[in-house]
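Atoms within each ligand, like the ligands themselves, are counted from 1 in listed order. Position 1 is the first residue of the sequence, and the numbers go up from there.
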Amino acid sequence: MTDTAAWDTYSKQNPERRPVNAAGETTWFNWTQYPDHGPGAEILNITPGANVLDLGCGKAGNLAHLATLGAHPVGVDISTAQIEAAEARWPGSKLELHQENATHFLAESEEQFDAVFSVFGAAWFTDPAALLPAVHHRLRPGGVFAFSQRPPVEGCYGCQASYITHSNDEDPLVVKRWDYEPDQWKGLLETHGFTTATARVVPAPPGPKKIGTLLVRAQG
Ligand SMILES: C[S@@+](CC[C@H](N)C(=O)[O-])C[C@H]1O[C@@H](n2cnc3c(N)ncnc32)[C@H](O)[C@@H]1O
């Protein structure tokens, strides 16, 4: 089972985002696993015309929002099903979408990006030893790299197994993810030439769920 097949399975099990958010908006940016919660696109510090890349864009809800802000939105995702769902969900939004492994895309692209981001996306599911230099190479000096994911379980750092349930009768599909504490992410980013690195956990909204969102940001 390849990562592509595993993520295609994930795609079919996870619906696209709601048509409108709590504020009645048809597009919005969400870094967290909770609806209508946390910071928005301001983290990326983009201006109209900015070239922005989403690593593991999924069904491209965040990219569609950046298009409304005047950005040139580029998305890459390893899953054919996710890319097809994004194309169907956002017709006419002028999203540039690529079905490819994020690290390969960064290595082959000749574009320079003003911002690169990943929301529970390829930045979580790629070895940072490969991804961080590739992002740094394609990010313009001063451009923002930001990503979000679940915080680590205390003591469980580096490569972890992540399970995607296929069906009750079959073994789950497995993909790899990389978990670190905020200070460890800061150190990794600085080692790979990024500056002004910050990493923090955005607390969960009030309610029964307590796990917050790790939000990491740095500049090229
Ligand atoms: C949990 S989903 C998040 C999707 C989207 N960012 C969102 O917020 O809805 C993770 C996404 O990352 C993609 N992905 C995982 N590993 C990848 C890789 N190495 N290169 C590109 N995309 C990848 C998956 O196909 C999937 O669409």
Evaluate the ring planes of W7 and F125, with Trp represented by its six-membered ring, and classify them as parallel (under 30°), tilted (30 to 60°) or perpendicular (over 60°).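 Answer is perpendicular, since the angle exceeds 60°.
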
Relative to each other, are the rings of F147 and W185 parallel, tilted or perpendicular (30° and 60° limits)?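 Ring orientation of F147 relative to W185: perpendicular.
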
CZ of R217 to OG1 of T196, rounded to nearest 0.5 Å, is 6.0 Å

Sidechain N-carboxylate O distance under 4.0 Å for R18, D36: yes

Partner of V135 by side chain to side chain contact (heavy atoms under 4.5 Å, CB included), out of T103, L55, T126, L53: L55

I'd like a table of the close N/O pairs between ligand 1 and the protein (anything under 3.5 Å), one pair per line with both atom names and the distance.
unit_1: ligand 1; atom_1: 6 (N); unit_2: G56; atom_2: O; d: 2.8
unit_1: ligand 1; atom_1: 6 (N); unit_2: V119; atom_2: O; d: 2.8
unit_1: ligand 1; atom_1: 8 (O); unit_2: V119; atom_2: O; d: 3.3
unit_1: ligand 1; atom_1: 20 (N); unit_2: A102; atom_2: N; d: 2.9
unit_1: ligand 1; atom_1: 22 (N); unit_2: I78; atom_2: N; d: 3.1
unit_1: ligand 1; atom_1: 25 (O); unit_2: D77; atom_2: OD1; d: 2.6
unit_1: ligand 1; atom_1: 27 (O); unit_2: D77; atom_2: OD1; d: 3.3
unit_1: ligand 1; atom_1: 27 (O); unit_2: D77; atom_2: OD2; d: 2.6
unit_1: ligand 1; atom_1: 27 (O); unit_2: Q82; atom_2: NE2; d: 2.9

Would you say that more than 12 heavy atoms from the other residues, nucleotides or ligands in this model lie under 6.0 Å from the OH of Y163, or not? no

